[in-house]
Structures are given as structure tokens and as C-alpha cells.
Amino acid sequence: MHPRVQQLIEQLDLQPHPEGGYYREVYRAEQLVHSDLVGELRAAATDIFFLLPAGEISRWHRVAHDELWNFYEGSPLVLQQLSPDFVRHRCCHLDPKIGQFKQQVPAGFWQAAETTGDYTLTGCTVAPGFEFADFRMLKDLPESAANVYANYPKLARFI
């Protein structure tokens with residue numbers, strides 16, 4: 001593990017994330033809003049630090065609401081996105097060298113990521129706010145995972 005990765009884990013008090021990498025929630029709005037997508041109240045917004053070291057991936061997952069990734073430090077990040085119906089694929093980069101510091105993932109889209117170097121430190125903001133009740137891993141949905149294996153074999157490694 002790169003020395004900076006261990007330093008960030010300790011300094012930011014990061015914990016392992018179920019999708020891969022490390023995280024810590026750093027903001028949860030006190031204001032509650034009703035989410036029509038989940039039919040319940042949610043914090044207006046949430047924000048986390050998310051650290052992805054070399055050799056780890058952020059596995060295919062989706063959240064119920066829009067998510068904004070923000071680049072903070074390290075190597076560029078490759079962010080894969082699939083539409084909820086698996087028809088559209090988009091590969092994006094968070095890369096300060098090309099001026100790409102932010103990337104939005106629309107509500108309900110599948111997403112997966114990997115660093116291009118030793119590590120990438122990002123922030124992820126979700127609005128309305130993130131709840132694990134609204135979080136799904138593709139590996140837990142066999143029919144959907146089969147769709148990725150069949151139509152995007154090069155992306156199946158993120159399952």
C-alpha cells in the first residue's frame with residue numbers, strides 16, 4: 001500500500017466501504033426533504049470522502065439519487081456508468097490535468113471506478129442524501145449482472 005494511502009486512512013478516519021475502497025461521511029444536512037424516488041424523507045444532501053487505492057475497485061453499484069464526484073488528490077480516476085436499463089455506457093475521467101474535477105452520476109445509474117495510479121481521493125455528494133437502504137450492488141442482482149456479462153464483458157470485472 002502506498003504510504004500516502006495509509007496516511008489518508010488514518011488522518012481522515014476512513015473505514016472500508018462495501019463497494020471497495022475507504023470512506024467516511026463528513027456531512028449530512030439537518031434539513032429533510034421528501035424524495036419522490038424512494039417515497040421517504042432524506043437529508044437534503046450528504047457528502048463523503050472516498051479513497052480508492054491501487055489494486056482495489058469500486059464495484060458496480062447504484063444509489064437512488066444524483067451523485068457528484070469531486071477530485072481531491074492522487075491519480076486520475078476512471079468512472080464507468082451504465083444506464084438503469086443497461087443500454088447506455090459512458091466512461092468518464094476525473095483528471096486535474098485535463099481540468100475535469102467533477103463528474104455527475106444521474107440517479108439510478110450504475111457506477112464503478114478505479115484509480116489509474118497509486119490512489120485517488122475523491123468526495124461524493126448525494127442529493128437528496130445517501131442512505132444504505134437506497135444502495136444496491138450489482139453482484140446482488142443476478143439477472144442484472146448477467147446483462148453486464150453478456151453486453152459489456154470488459155466491464156464485468158467490476159461486478
Side-chain angles (χ1 to χ4, degrees), residues 5 8-53 56-116 119-141 143-145 147-148 152 155 158-159:
V5 169
L8 287 167
I9 289 170
E10 293 170 10
Q11 176 184 351
L12 301 175
D13 193 27
L14 304 178
Q15 303 299 317
H17 196 290
E19 77 194 45
Y22 299 85
Y23 82 109
R24 181 172 62 93
E25 185 175 275
V26 293
Y27 174 75
R28 178 169 291 271
E30 290 184 21
Q31 178 187 1
L32 298 177
V33 297
H34 185 269
S35 166
D36 291 339
L37 293 174
V38 299
E40 296 182 22
L41 290 176
R42 294 290 182 257
T46 56
D47 189 59
I48 65 169
F49 284 123
F50 183 69
L51 175 65
L52 202 52
E56 289 196 39
I57 57 173
S58 167
R59 300 193 176 281
W60 284 116
H61 66 283
R62 68 179 178 194
V63 298
H65 303 105
D66 287 351
E67 183 167 1
L68 183 63
W69 287 66
N70 297 282
F71 181 89
Y72 294 146
E73 177 183 320
S75 300
L77 183 87
V78 178
L79 179 62
Q80 306 286 347
Q81 296 182 41
L82 287 170
S83 59
D85 59 7
F86 299 101
V87 172
R88 290 171 286 149
H89 169 251
R90 188 167 96 175
C91 179
C92 312
H93 295 83
L94 288 175
D95 186 349
K97 293 177 187 167
I98 61 171
Q100 187 64 40
F101 293 92
K102 295 182 180 292
Q103 183 61 55
Q104 186 244 352
V105 178
F109 269 59
W110 293 100
Q111 54 186 300
E114 65 185 329
T115 185
T116 61
Y119 71 95
T120 306
L121 177 64
T122 64
C124 297
T125 304
V126 178
F130 177 86
E131 291 290 341
F132 272 105
D134 306 331
F135 176 81
R136 296 291 177 271
M137 296 284 294
L138 187 62
K139 70 179 179 65
D140 297 331
L141 303 169
E143 289 182 23
S144 296
N147 194 319
V148 173
Y152 304 97
L155 299 178
F158 290 103
I159 295 174

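Annotation for Phe50 and Ser58: closest pair CZ-CB, 4.1 Å, computed over non-hydrogen atoms. Here the closest non-hydrogen pair linking Ser35 and Arg42 is CB-CG, 4.3 Å. Residues Asp85 and Ser83 approach most closely at OD1-OG, 2.5 Å, considering heavy atoms. Closest approach of Tyr27 and Ala45 over heavy atoms only: CE2-O, 3.8 Å. Phe101 and Pro96 make their closest contact through CE2-CB, 3.4 Å (heavy atoms, listed as atom of the first residue, atom of the second, distance). Here the closest non-hydrogen pair linking Gly108 and Pro84 is O-CG, 3.4 Å.
Separation of atoms CZ (Phe49) and CG (Asn70) is listed at 11.0 Å; rounding is to 0.5 Å. Interatomic distance, Leu138 CG to Arg62 CZ, rounded to the nearest 0.5 Å: 8.5 Å. Atom-to-atom distance recorded for Trp69:CH2 and Leu77:CG is 5.5 Å, nearest 0.5 angstrom. In this structure, CD in Gln81 is found 4.5 Å from CZ in Arg90, a value given to the nearest 0.5 Å. Atom-to-atom distance recorded for Gln80:CD and Leu155:CG is 5.0 Å, nearest 0.5 angstrom. Here Gln104 contributes atom CD and Glu67 contributes atom CD; the two are 9.5 Å apart, rounded to the nearest 0.5 Å.
Residues Asp47 and Thr125 meet the side-chain proximity criterion, which asks for heavy atoms closer than 4.5 Å. For the pair Asp134/Glu40, no side-chain contact is recorded, criterion being any heavy-atom separation below 4.5 Å from C-beta on. At least one side-chain heavy atom of Asp36 sits under 4.5 Å from a side-chain heavy atom of His34. Counting heavy atoms from C-beta on, the side chains of His93 and Pro76 never come closer than 4.5 Å. Side-chain contact between Thr122 and Leu52 is absent, with no heavy-atom pair separated by less than 4.5 Å. A heavy-atom distance below 4.5 Å is found between the side chains of Leu12 and Leu121. When side chains are defined from C-beta on, Phe132 counts as touching Pro18, because their heavy atoms get closer than 4.5 Å.
Between Glu131 and Arg28, at least one side-chain nitrogen of the basic residue sits less than 4.0 Å from a carboxylate oxygen of the acidic one, meeting the salt-bridge criterion.
Between the side chain of Gln100 and the backbone N or O of Lys102 there is at least one donor-acceptor pair closer than 3.5 Å. For the pair Thr120 (side chain) and Thr115 (backbone), a donor-acceptor distance under 3.5 Å is absent. Put simply, the side chain of Tyr152 gets close to the backbone of Phe86: a donor and an acceptor are under 3.5 Å apart. The closest donor-acceptor contact from the side chain of Glu56 to the backbone of Gly21 lies under 3.5 Å. The main-chain N or O of Pro106 is never found under 3.5 Å from a side-chain atom of Asp66 such that the two would form a donor-acceptor pair.
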* To do: Kindly indicate, with the supporting measurements, whether the criterion side chain to side chain contact (heavy atoms under 4.5 Å, CB included) is fulfilled by Tyr119 and Glu73.
  => CA-CA 8 Å; Tyr119 71 95; Glu73 177 183 320; 2.6 Å; yes

* To do: Please assess Leu94 against Leu79 for the test side chain to side chain contact (heavy atoms under 4.5 Å, CB included), listing each intermediate value before the final yes or no.
  => CA-CA 8 Å; Leu94 288 175; Leu79 179 62; 5.5 Å; no

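Ring geometry, Phe158 versus Trp60: the interplanar angle exceeds 60°, so the pair is classed perpendicular (tilted spans 30 to 60°). Using a 30° and 60° split on the angle between ring planes, His61 and His17 fall in the tilted class, from 30° to 60°.
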